[in-house]
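Model, not experiment: these values are computed from the prediction. If you read the sequence from its start, that first residue is 1, and numbering goes on from there.
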Amino acid sequence: MAHGTEQRERKQNLGYVIRSGIAGGMAGCVAKTAIAPLDRVKILFQAQNPVFEKYAGTFTGAFKAGRDIIKHTGVLGLFQGHSVTLLRIFPYASIKFVALEQFRALLIPTKAQETAAKHFFAGSLAGMTCVLFTYPLDLVRVRMAYVVKQENRKRPTLIDTCKQIYKEPAAASSTHLLNFYRGFLPTVAGIIPYAGVSFWTYHIMTQAFRFDPTISPYTRASRITDPENRRMMEKPPLKTWAELCCGGVSGLVAQTSSYPLEVIRRRMQVGGLLHPNKFVGFMETARSIYQTKGFKGFYVGLSIGYIKVAPMMAISFAVYARMKYLLDID
């Protein structure tokens with residue numbers, strides 16, 4: 001128990017929190033930049049943008065949509081809204097990984113108490129924490145990515161988008177600040193399976209890659225619980241290819257488990273453009289999707305999601321692990 005208290009105190013140290021925040025923020029920015037073009041196309045599909053809806057539902061649709069974006073707005077069009085993504089993702093990823101480390105310290109003070117279920121709960125709680133603080137930036141990013149350039153109309157800026165969202169008539173409240181939380185409910189509902197499953201799967205995968213069949217279960221358990229032998233069980237960091245593989249698989253599993261809620265969230269986020277005078281509710285949005293596209297409407301853009309999330313999660317986990325090593329917090 002003393003070892004667990006020591007571990008918790010070390011992770012709650014301000015220096016550790018700052019360094020883990022930097023590591024998480026860098027991991028999020030690198031990963032999001034790598035998949036930014038796919039992210040924009042996916043948002044256009046999920047929100048059923050009328051200009052690009054014809055490409056949705058086919059494997060090659062994403063590439064055709066990307067080709068059209070480049071044709072009309074250049075390569076930079078693929079990164080429309082990405083500046084807001086970086087503004088959002090650094091604090092988002094920082095808070096997520098800092099919260100993850102803190103919840104792990106509380107739920108898993110020692111290796112002997114480590115379980116996959118506790119990793120799931122730590123991941124879910126970390127995801128909910130970061131969403132609470134960064135959701136308005138996510139909404140602004142989606143709005144900027146949704147707008148398609150038209151004749152005699154300039155590309156939306158961060159300030160213009162924020163002003164537009166704020167000025168939309170708020171239906172359920174006297175404060176317009178709630179406009180920045182359109183789609184917040186399905187986001188919270190979706191982050192629980194997404195973050196929880198991603199960290200749970202990543203833990204399972206890394207354990208599998210680190211498993212040594214030459215050590216008996218009895219010996220493994222005794223080494224973990226015996227402080228004097230604990231270091232004998234420690235292994236060097238996973239190879240980069242193994243980290244990428246573990247992160248990629250965890251992303252695919254997490255994406256599948258939470259995708260319908262993500263589609264509902266995107267539709268609610270752009271709802272202010274389509275219905276500025278009211279908040280479109282969760283059930284109303286889900287009903288609209290089903291009536292328009294049927295059950296498959298909840299999985300529009302999933303193929304892009306798979307193409308996007310595997311490298312994103314792989315890069316995120318790999319960069320985070322390397323940054324922790326460089327910052328001496330692993």
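L244 and M323 fall into different hydrophobic clusters, where Ile, Leu, Val, Met, Phe, Trp and Tyr residues are linked whenever their side-chain heavy atoms come under 4.5 Å apart, directly or through other members. In the hydrophobic clustering of ILVMFWY residues, with side-chain heavy atoms under 4.5 Å counting as a link, L158 and L177 come out together. There is a path of hydrophobic side-chain contacts, each under 4.5 Å, that joins M283 to M268. Under the 4.5 Å side-chain heavy-atom criterion for Ile, Leu, Val, Met, Phe, Trp and Tyr, I191 and V98 are members of distinct hydrophobic clusters. When hydrophobic clusters are built by joining Ile, Leu, Val, Met, Phe, Trp and Tyr residues whose side-chain heavy atoms come closer than 4.5 Å, directly or via intermediates, F282 is grouped together with F298.
For Y259, there are no ring-ring contact (aromatic ring centres under 6.0 Å, His included) partners at least two apart in sequence or on another chain. Residues satisfying the side-chain hydrogen bond (donor to acceptor under 3.5 Å, both in side chains) criterion with Y290, sequence neighbours excluded, are absent altogether. Remark: A189 pairs with L261 by the side chain to side chain contact (heavy atoms under 4.5 Å, CB included) rule, at least two apart or across chains. For Y320, the side-chain hydrogen bond (donor to acceptor under 3.5 Å, both in side chains) criterion is met by E101, not counting sequence neighbours. Every ring-ring contact (aromatic ring centres under 6.0 Å, His included) that F317 has, sequence neighbours left out, goes to F199, Y202. Applying the salt bridge (Lys or Arg N to Asp or Glu O under 4.0 Å) test to D138 and every residue at least two apart in sequence or in another chain returns R88, R141, R265, R266. Under the side chain to side chain contact (heavy atoms under 4.5 Å, CB included) criterion, S257 pairs with P193, V197, not counting sequence neighbours. Applying the side chain to side chain contact (heavy atoms under 4.5 Å, CB included) test to L86 and every residue at least two apart in sequence or in another chain returns C29, T33, H82, I89. With sequence neighbours left out, K118 forms a side-chain hydrogen bond (donor to acceptor under 3.5 Å, both in side chains) with no residue at all. Take T285 and apply the side-chain hydrogen bond (donor to acceptor under 3.5 Å, both in side chains) test, not counting sequence neighbours, and it matches no residue.
Atom CZ of F121 has 12 or fewer neighbouring heavy atoms from other residues, nucleotides or ligands inside a 6.0 Å radius.
Contact between A122 and L107 at its shortest, heavy atoms only, is N-CD1, 3.9 Å. When all heavy atoms of A117 and W200 are compared, the pair lying nearest together is N-CD1, 4.2 Å. Smallest separation of non-hydrogen atoms from G77 and I69: C-CG2, 3.5 Å. Of all the heavy atoms in V140 and C162, the pair that sits closest is CG2-SG, 4.0 Å. Nearest heavy atom pair, residue G127 against residue A195, reads CA-CB, 4.0 Å. Between I264 and A286, the closest heavy-atom pair is CD1-CB, 3.9 Å.
The CE atom of M144 lies 6.5 Å from the CD atom of Q80; values are rounded to the nearest 0.5 Å. Taking CZ of F103 as the reference point, atom NE2 of H119 lies at 14.5 Å (rounded to 0.5 Å). With rounding to the nearest 0.5 Å, the separation of CZ in R143 from CG in L139 is 5.0 Å. Taking OG1 of T85 as the start and CG of L137 as the end, the distance is 9.5 Å to the nearest 0.5 Å. One distance of note links CD of Q113 with OG1 of T115; it measures 9.5 Å at 0.5 Å rounding. Distance check, rounded to the nearest 0.5 Å: SG of C246 to CE of M205 gives 4.5 Å.
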Taking it one step at a time, do E168 and N179 satisfy side chain to side chain contact (heavy atoms under 4.5 Å, CB included)? CA-CA 7 Å; E168 291 168 1; N179 286 339; 3.8 Å; yes
Verdict with supporting geometry, T240 and R322, side chain to side chain contact (heavy atoms under 4.5 Å, CB included): CA-CA 9 Å; T240 301; R322 288 294 178 266; 3.1 Å; yes
Run the numbers on T157 and T161 for side chain to side chain contact (heavy atoms under 4.5 Å, CB included), then give the verdict. CA-CA 6 Å; T157 65; T161 304; 5.8 Å; no
Check step by step if side chain to side chain contact (heavy atoms under 4.5 Å, CB included) holds for D160 and Q164. CA-CA 6 Å; D160 291 340; Q164 180 184 9; over 6 Å; no
CA sep, side-chain torsions, deciding dist, call: Y135, Y181, ring-ring contact (aromatic ring centres under 6.0 Å, His included): CA-CA 7 Å; Y135 185 80; Y181 280 86; 5.7 Å; yes
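Counted by atom type alone, S288 and Q291 present zero donor-acceptor pairs between their side chains at under 3.5 Å.
Note: W241 and F209 have perpendicular aromatic rings, judged against thresholds of 30 and 60 degrees for the angle between ring planes.
Between the T201 side chain and the S198 main chain, no donor and acceptor come within less than 3.5 Å of each other. At distances below 3.5 Å, at least one donor-acceptor pair connects side-chain atoms of S124 with backbone N or O atoms of I192. Proximity of a side-chain donor or acceptor of S316 to a complementary backbone N or O of M312 within less than 3.5 Å is not detected.
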N/O donor to acceptor pairs below 3.5 angstrom from side-chain atoms of residues 18-27, sequence neighbours left out:
unit_1: R19; atom_1: NE; unit_2: G15; atom_2: O; d: 3.2
unit_1: R19; atom_1: NH1; unit_2: L327; atom_2: O; d: 3.0
unit_1: S20; atom_1: OG; unit_2: Y16; atom_2: O; d: 3.0
unit_1: S20; atom_1: OG; unit_2: V17; atom_2: O; d: 3.0

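Taking the side chain as every heavy atom from C-beta outward, F63 and V41 never approach each other to under 4.5 Å.
Among residues at least two apart or in separate chains, salt bridge (charged side-chain N to carboxylate O under 4.0 Å, His left out) pairs with a member in residues 296-318 are D39-K308.
For R104 and E114, the salt-bridge test fails: no basic side-chain N is under 4.0 Å from an acidic carboxylate O.
In summary, the aromatic rings of F184 and F180 are positioned with their centroids too far apart to meet the 6.0 Å limit.
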